[in-house]
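All chains are named by letter (A, B, ...) in the order of the sequence lines, taking the proteins before the strands, and each is independently numbered beginning at 1.
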4 protein chains.
Amino acid sequence: MEPAKQSPGRPRDSRVDDAIHEAVRRLVAEAGYAGLTMDAVAARARVGKAAIYRRYGSRGELVFASLVHGRAPQPLPDTGSLRGDLTALAEVILRAFSDPVFAAAGPSLVAEIRQHPDIAARFQATFVAGERAVVTALLERAAARGELPAPADPALLHATVLGTVFAWVFLLDLPVTPGLASRIAAMSAAALEHAEDR
Amino acid sequence: MEPAKQSPGRPRDSRVDDAIHEAVRRLVAEAGYAGLTMDAVAARARVGKAAIYRRYGSRGELVFASLVHGRAPQPLPDTGSLRGDLTALAEVILRAFSDPVFAAAGPSLVAEIRQHPDIAARFQATFVAGERAVVTALLERAAARGELPAPADPALLHATVLGTVFAWVFLLDLPVTPGLASRIAAMSAAALEHAEDR
Amino acid sequence: MEPAKQSPGRPRDSRVDDAIHEAVRRLVAEAGYAGLTMDAVAARARVGKAAIYRRYGSRGELVFASLVHGRAPQPLPDTGSLRGDLTALAEVILRAFSDPVFAAAGPSLVAEIRQHPDIAARFQATFVAGERAVVTALLERAAARGELPAPADPALLHATVLGTVFAWVFLLDLPVTPGLASRIAAMSAAALEHAEDR
Amino acid sequence: MEPAKQSPGRPRDSRVDDAIHEAVRRLVAEAGYAGLTMDAVAARARVGKAAIYRRYGSRGELVFASLVHGRAPQPLPDTGSLRGDLTALAEVILRAFSDPVFAAAGPSLVAEIRQHPDIAARFQATFVAGERAVVTALLERAAARGELPAPADPALLHATVLGTVFAWVFLLDLPVTPGLASRIAAMSAAALEHAEDR
DNA sequence: CGGTAATCGAGACGGTACGTCTAGTCTTAAA
DNA sequence: TTTAAGACTAGACGTACCGTCTCGATTACCG
């Protein structure tokens, strides 16, 4: 069994990757998404533009890789109750949206992803699928606890929690208060716990 | 007291306004938001670029005016029940997001609005405020009917319905089925109807 | 009979043409042909690159237009003798090659012209044809004076005078002395005056 | 005294040299001087770029070495007459300029040489000096034969023959006919044979 | 025979110019 | 003052090239 065979030629320099990602984050923070030009990234990272395009085929891929990738959602801890689990979920999403870099780039990032089908596919395959798995696990734990009177659709719950936070922050531009996550969680929990009445 | 004094010189041609809006919609439908360049709009509308900039100060204003403005949400009919009113609300939002033009431009439009504070302010003042008034009226009717065990936050309900639809369509890229609006409404209704348990 | 009908839209700004030509000449003088980048021309002329490309399809066309065009050779004065006319011709060519700007760009300009067939055609049609006409007129005057024992090929004479100067300056890199033109003229004159011996 | 001491390490592979020169010639013939990029040469020669830069410090040096070097002009045979010797000289130059590779690269090569003073110096020291020696020898034979009524300047003769051919081929773009060399030679010979009249 | 040192192909690196495209402004003649 | 047309500046885009550097692998000589 051979070790991962190295392709010939000079290998990619990982310091370049780091410099690029760092430059993207700094530029978004300083100048917003509009200031995130490829030239600016190259200049800030002290890197040739070719080094960027060798890695990412477009600005969208670069931003996606720098701001989304690697953020694969990790499994949430079992807090012992549906409501607790939902609060934890809402808090994770809220915290991600509150990252100043992501807050500045968020909607533009979504727009960029939507424009490029291949990036959209990767977004679905990594981030969305990962988060859906978290939601599914959360619902399974609740079912095991007997908290669910009826089976619930993980997709709808996912859309509810993620979308409510997105709308609150990016569409309605409302202030993020400490109790917000638990209020959103309470809403979802109540709906799930009384899903039998139609 | 005189009637609205007519300014000197040639008056604006209202057919130009229509041609511009029509061109914007057609271009978004055909070429996506990326194809919506000012030159393309001018060429398609057979209008000079100056005629566009005389009306809208920037691309953002044009897009906002063409795709959002005039869509001031009209009051929902009283269906007689909270659940019915919520379904109607979800359906209105869902229908707006299903307009092919808006579906193609949606996230880019949100991004564009977010980049320009003055447009964002107008967006809040017209569209968001109007929709919030609709949600508030809906909740007041429900309270009058005695369907609400506790006072509800219109902002949170607004974020829930609007955000869930947004996430379903634009973030999770899930298919829009006929029963979707009522499922979302059921979720919200259950939460509102059992808001007393915490 | 109508006056030259003006095309619609804003007309080209002749100050832009001047600024571009001036920038080309200054840049060649300061930084040589290698420093003559399109960006540098645009920056120096305080002109957008589009304004340059609107006028000239390539760097070659720009340089050709700035350094060659308009230099259509004017008819030489009749000095009264073949040898005098040839000296005047050689002096004109020598003076053109001694222009510091042209001296710096000369061979590169020839190379550029040769790479683009359409520019080469224009070069032939304007500059070469004009100079050939001058040579032909010179020979006709000499024939009328009875200085030519046999008809001479204007093309060969043209190649001899032009080529000798070119080689002296650009290939052999020899110093340009005051008597050079008359030495070259004497060479050509002797050949023409004794063309009968084969 | 030892034979050329071999430096330590792996010796240069002479097949690499050949492959590089061959690639240069083929590329110029196929794609013109513009297609002669270092990457293309390396790819065509199936050689690393470092192998090229180890031998030649720049593109200019490579081109100079591939297209000019080694063409050191060899002494012309004594044809027995000034006119014959001049015809032979013109024919050699004409043949060199008719080599398809050189014909495609000629003016660009001259331009490249002119841009780099060190290469220009080598060009003067090898090619120009060699050819001037040939011209000088030619004139000395003519003087010994008594064909020259007055001493002639080798530089001027050199410029005349070389320049006339250059202008004919590269500036005036005239067709190369079989009799061209002898016509150019006749012109120079007549001038030299009647140099006494001023 | 094992070590040293320069070579080899391959290809990533920083930097820079290219020619195109876009946003937003300005300038013309005509209405 | 409006209109259509289109030129204007400024600057980002993605590609291509140059000359350098960095890999692992190879190939000679030297000890």
Side-chain angles (χ1 to χ4, degrees), chain A residues 5-13 15-16 34-43 45-59, chain B residues 6-13 15-16 34 36-40 42-43 45-54 56-60 62, chain C residues 5-13 15-16 34-43 45-59, chain D residues 5-13 15-16 34 36-40 42-43 45-54 56-60:
Chain A
K5 173 98 137 306
Q6 159 157 354
S7 65
R10 177 175 175 175
R12 297 264 172 95
D13 187 341
R15 290 184 319 241
V16 170
L36 191 71
T37 69
M38 300 305 265
D39 290 87
V41 173
R46 312 204 98 263
V47 142
K49 283 207 287 177
I52 302 177
Y53 281 105
R54 208 173 285 125
R55 290 164 166 77
Y56 314 103
S58 66
R59 191 168 80 141
Chain B
Q6 156 133 11
S7 60
R10 174 172 172 177
R12 295 232 177 130
D13 186 342
R15 287 180 325 226
V16 170
L36 190 70
T37 69
M38 298 305 267
D39 290 87
R46 313 202 97 264
V47 142
K49 283 207 289 174
I52 302 177
Y53 280 103
R54 209 172 287 121
Y56 313 102
S58 68
R59 189 172 96 125
L62 167 62
Chain C
K5 175 101 140 305
Q6 159 154 358
S7 64
R10 176 175 176 175
R12 298 264 171 95
D13 187 341
R15 291 184 320 239
V16 169
L36 190 70
T37 70
M38 300 305 265
D39 290 271
V41 173
R46 310 205 95 262
V47 140
K49 284 207 285 177
I52 302 178
Y53 281 105
R54 206 174 286 124
R55 291 165 166 75
Y56 314 102
S58 65
R59 192 169 80 139
Chain D
K5 176 108 133 304
Q6 156 135 11
S7 60
R10 176 175 174 175
R12 298 253 173 106
D13 186 341
R15 288 179 324 225
V16 169
L36 190 70
T37 69
M38 298 306 268
D39 290 88
R46 312 201 100 265
V47 143
K49 282 208 288 175
I52 302 177
Y53 280 104
R54 210 173 285 123
Y56 313 102
S58 68
R59 191 172 93 125

Legend entry - Gap between atom NZ of C:Lys49 and atom OG1 of C:Thr37 - 0.5 Å precision: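 Going from OG1 on C:Thr37 over to NZ on C:Lys49, the span is 8.5 Å.
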
Legend entry - Value rounded to 0.5 Å, distance of OH in A:Tyr53 from OG in A:Ser58: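 Between atom OH of A:Tyr53 and atom OG of A:Ser58 there are 8.0 Å.
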
Euclidean distance, atom [atom1] of residue [X] to atom [atom2] of [N] [Å, nearest integer]:
X       : N      : atom1 : atom2 : result
B:Ile52 : E:dT22 : CD1   : P     : 14 Å
D:Tyr56 : F:dT20 : OH    : P     : 16 Å
B:Asp13 : E:dA31 : CG    : C1'   : 11 Å
A:Arg15 : E:dG14 : CZ    : C1'   : 13 Å
D:Arg12 : F:dC29 : CZ    : P     : 16 Å

Taking the side chain of [X] as its heavy atoms from C-beta onward, which of [options] lies nearest to it?
X       : options                : value
B:Met38 : F:dT3, F:dA7, E:dG24   : E:dG24
C:Arg55 : E:dA12, F:dA7, F:dC13  : F:dA7
B:Ser58 : F:dA12, E:dG24, E:dG14 : E:dG24
A:Tyr53 : E:dC13, F:dA7, F:dG14  : F:dG14

Inset, instruction - Measure across B:Ala42 and B:Gly48 and return the closest heavy-atom pair with its distance rounded to 0.1 Å. - result: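 Closest approach of B:Ala42 to B:Gly48, heavy atoms only: CB-C, 4.3 Å.
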
Legend entry - Shortest non-hydrogen contact between A:Ile52 and A:Met38, atoms and distance: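 Reported closest heavy-atom pair: CG2-CE, 3.8 Å.
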
Inset, instruction - For A:Ala42 and for D:Ala51, locate the closest nucleotide of DNA chain E by heavy-atom distance; then report the residue assigned to the nucleotide nearer the 5' terminus. - result: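 By nearest-heavy-atom nucleotide position, the 5'-most residue is D:Ala51.
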
Legend entry - Residue mapping more 5' on DNA chain E - nearest nucleotide basis, C:Gly57 or D:Val47: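 Result: D:Val47.
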
Inset, instruction - With DNA chain F as reference, determine whether A:Arg59 or B:Ala45 sits nearer its 5' end, using the nearest nucleotide of each. - result: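 Taking each residue's closest nucleotide, the earlier one in sequence belongs to B:Ala45.
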
Inset, instruction - Determine: side-chain N/O of C:Arg54 to OP1/OP2 of E:dC21, distance under 4.0 Å, yes or no. - result: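 No.
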
Inset, instruction - Answer yes or no: does a side-chain N or O of A:Arg46 lie under 4.0 Å from OP1 or OP2 of E:dG15? - result: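 Looking at the OP1 and OP2 atoms of E:dG15, one of them is under 4.0 Å from a side-chain N or O of A:Arg46.
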
Legend entry - Protein-to-nucleotide contact annotation, 5' to 3' order, nucleotides 21-27 of chain F [B base; S sugar-phosphate only; - none; under 4.0 Å, heavy atom]: BBB--BB

